[in-house]
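Read through the structure below, which is laid out as structure tokens, and then see the notes.
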Amino acid sequence: MGGGPSLLSKPWRDLAHTNEENLDFMKSYHPRNKEVKNLRILVHGPVGAGKSSFINSVESTLRGRVTGRVMTDSISGESFTTKYKTFKIQKDPEGFYSFIFGDIMGLESTEKGVNIEDIKLALRGHVTEGYKFIPGKPLNEGDKDYISSPTLDDKVHALVCVIPAGSISLLTDEVVKKIRDVRLVASDMGIPQFAILTKVDEACPEVKKDISNVYKSVYLKKQVDRFSHLHGIPPNCIFLVKNYQSEFTTNDDIDAQILSALRQMVDHGEDFLNNL
Ligand SMILES: Nc1nc2c(ncn2[C@@H]2O[C@H](COP(=O)(O)OP(=O)(O)OP(=O)(O)O)[C@@H](O)[C@H]2O)c(=O)[nH]1
Ligand SMILES: [Mg+2]
């Protein structure tokens, strides 16, 4: 890590809102565009990056207790998520939050992972919930899981790339290219894009010791800049996150990271829906 200090004396990013403000914002959020019921956020990225864990973490934060509804796997190697699934999060006994997450199979260097044609189809709203990805064989027009005339409600309104903070320089050229291809399609459609750099605890010992150090870590700041440079996503759309995974209870610092990321996604997704 070189000879310099590993922690800055002040965080390089200040969170714009308190957790309460962000929670209130999420609770009262409804898309203004009447063509859509929910803001749809699609999560993609390499196998085992923490995509499903991130969706679980959002749910844990919003519900105030650690939940584990989305299945995750610790023996990574091949993608654990193989179906296209969407998740709504319960707001109160009467209903759900007005944003939903789409979870997909992970990207791999080889044909074994999700086919990027399938991700492109999901962006455009052609993929039915529950569709089982078949590596090497993308969904085709005419297949039973192919939605031929998707509405705005079926389409994706915000795209999130999930990558472990410590693996950015380890991604293979193939995976980098796949991420870029997906991003270009999203850019063409005007879909706002974000990145979540996960496993910040594993990537930086100072953060493992104290999660509130996350925006002071020199190493993690470098990873944000590196990812931004490599994938053309501005640093203010890249977030450092420790997912809930071994914790039994939620914690304000982890919640703060997750809520500020979620708020940006919802804010930009809402702008996208209003500027079509
Ligand atoms: N230490 C640490 N482990 C994490 C974090 N996020 C996820 N993990 C672990 O990483 C492993 C993979 O997480 P998943 O959420 O299943 O990853 P995924 O991207 O959905 O993987 P696929 O569906 O297989 O593509 C699990 O063992 C998680 O507990 C994190 O922030 N910190
Ligand atoms: Mg998964």
Side-chain angles (χ1 to χ4, degrees), residues 1-8 11-13 43-58 60-61 70 72-81 103-110 112-114 159-180 182-183 193-247 251 253-258 260-261 264:
M1 219 183 266
S6 56
L7 286 183
L8 302 165
W12 57 273
R13 177 181 290 171
V43 173
H44 81 126
V47 168
K51 299 179 290 298
S52 301
S53 300
F54 176 67
I55 298 171
N56 272 333
S57 298
V58 169
S60 300
T61 294
V70 192
T72 64
D73 182 26
S74 48
I75 322 155
S76 307
E78 284 183 23
S79 193
F80 188 68
T81 304
D103 190 15
I104 54 177
M105 189 177 191
L107 288 166
E108 295 189 49
S109 300
T110 60
K112 271 199 296 182
V114 65
L159 177 68
V160 184
C161 182
V162 175
I163 302 220
S167 322
I168 290 162
S169 50
L170 307 174
L171 295 177
T172 62
D173 292 347
E174 289 82 3
V175 169
V176 171
K177 183 177 178 308
K178 286 179 182 177
I179 293 172
R180 182 174 308 131
V182 171
R183 193 175 69 73
Q193 296 163 38
F194 305 89
I196 298 289
L197 310 189
T198 54
K199 308 192 186 184
V200 292
D201 52 321
E202 286 180 356
C204 175
E206 298 294 339
V207 171
K208 194 181 182 104
K209 254 189 266 165
D210 181 355
I211 193 72
S212 70
N213 281 333
V214 73
Y215 284 103
K216 288 184 187 165
S217 162
V218 173
Y219 172 80
L220 291 176
K221 180 168 192 317
K222 269 194 201 138
Q223 303 317 306
V224 170
D225 292 341
R226 180 174 289 174
F227 188 87
S228 173
H229 187 73
L230 196 63
H231 293 280
I233 295 182
N236 64 354
C237 292
I238 303 175
F239 301 91
L240 296 167
V241 164
K242 155 82 182 81
N243 281 318
Y244 283 118
Q245 123 265 14
S246 54
E247 294 74 5
N251 131 353
D253 292 313
I254 296 182
D255 283 352
Q257 294 158 18
I258 289 167
S260 59
Q264 287 280 340

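These values consider heavy atoms only, across backbone and side chains, with no hydrogens, waters or symmetry-generated copies.
Scanning for side-chain hydrogen bond (donor to acceptor under 3.5 Å, both in side chains) contacts around Ser109 gives Thr172, with sequence neighbours left out. Residues passing the side-chain contact (heavy atoms from CB on, under 4.5 Å) test with Asn251 are Ile211, Tyr244, Asp253, Ile254, sequence neighbours excluded. Under the rule for a side-chain contact (heavy atoms from CB on, under 4.5 Å), the partners of Thr198 that lie at least two apart in sequence or sit in another chain are Val162, Pro164, Ile196, Asn243. Phe54 meets the ring-ring contact (aromatic ring centres under 6.0 Å, His included) test with no other residue; sequence neighbours excluded. With sequence neighbours left out, Phe80 forms a side-chain contact (heavy atoms from CB on, under 4.5 Å) with Met71, Asp73. For Ser169, the side-chain hydrogen bond (donor to acceptor under 3.5 Å, both in side chains) partners two or more places apart in sequence, or in a different chain, are Arg226. For Arg13, the side-chain hydrogen bond (donor to acceptor under 3.5 Å, both in side chains) partners are Tyr215, not counting sequence neighbours. In this structure, Lys208 has no salt bridge (charged side-chain N to carboxylate O under 4.0 Å, His left out) partners at least two apart in sequence or on a different chain. Under the salt bridge (charged side-chain N to carboxylate O under 4.0 Å, His left out) criterion, Lys221 pairs with Asp225, not counting sequence neighbours. With sequence neighbours excluded, the residues that form a side-chain contact (heavy atoms from CB on, under 4.5 Å) with Gln245 are Lys242, Glu247. Every residue two or more places apart in sequence or in another chain that forms a side-chain hydrogen bond (donor to acceptor under 3.5 Å, both in side chains) with Asp103 is listed here: Ser52.
Minimum interatomic distance between Tyr219 and Gly166 (heavy atoms only, all atoms of both residues): OH-CA, 3.5 Å. Contact detail for Ser217 and Val207: the closest heavy-atom pair is CB-CG2, 4.1 Å. Nearest heavy atoms, Leu220 versus Ala165: CD2-CB, 3.7 Å.
Listed by first and then second residue, the salt bridge (charged side-chain N to carboxylate O under 4.0 Å, His left out) pairs that reach into residues 169-179 are Lys177-Asp181, sequence neighbours excluded.
In this structure the side chain of Trp12 reaches within 4.5 angstrom of the side chain of Val224, judged on heavy atoms. Within the 4.5 Å cutoff, side-chain heavy atoms of Leu197 are placed close to those of Phe227. Residues Pro5 and Leu7 form no side-chain contact, since every pair of their non-hydrogen atoms from C-beta on lies 4.5 Å or further apart. Between Val182 and Leu159, the closest side-chain pair of non-hydrogen atoms falls below 4.5 Å. Using a 4.5 Å heavy-atom cutoff, the side chains of Ile55 and Val43 are in contact.
For Lys51 (side chain) and Ile163 (main-chain N/O), no donor-acceptor pair under 3.5 Å exists by modelled atom type.
Expressed to the nearest 0.5 Å, how far CD1 of Ile104 lies from OG1 of Thr81 amounts to 9.5 Å. Taking CG of Leu230 as the start and CG of Leu171 as the end, the distance is 7.5 Å to the nearest 0.5 Å. The distance from the NE2 atom of His231 to the CD1 atom of Ile179 is 4.5 Å, given to the nearest 0.5 Å. The CD atom of Gln223 sits 12.5 Å away from atom OG of Ser228, with the distance rounded to the nearest 0.5 Å. For the atom pair Ile233 CD1 and Ile238 CD1, the distance stands at 6.0 Å (nearest 0.5 Å). Atoms CD and CZ, on Gln264 and Phe194 in that order, are 6.5 Å from each other to the nearest 0.5 Å.
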List the steps, then state whether side chain to side chain contact (heavy atoms under 4.5 Å, CB included) holds for Leu107 with His44. CA-CA 8 Å; Leu107 288 166; His44 81 126; 4.1 Å; yes
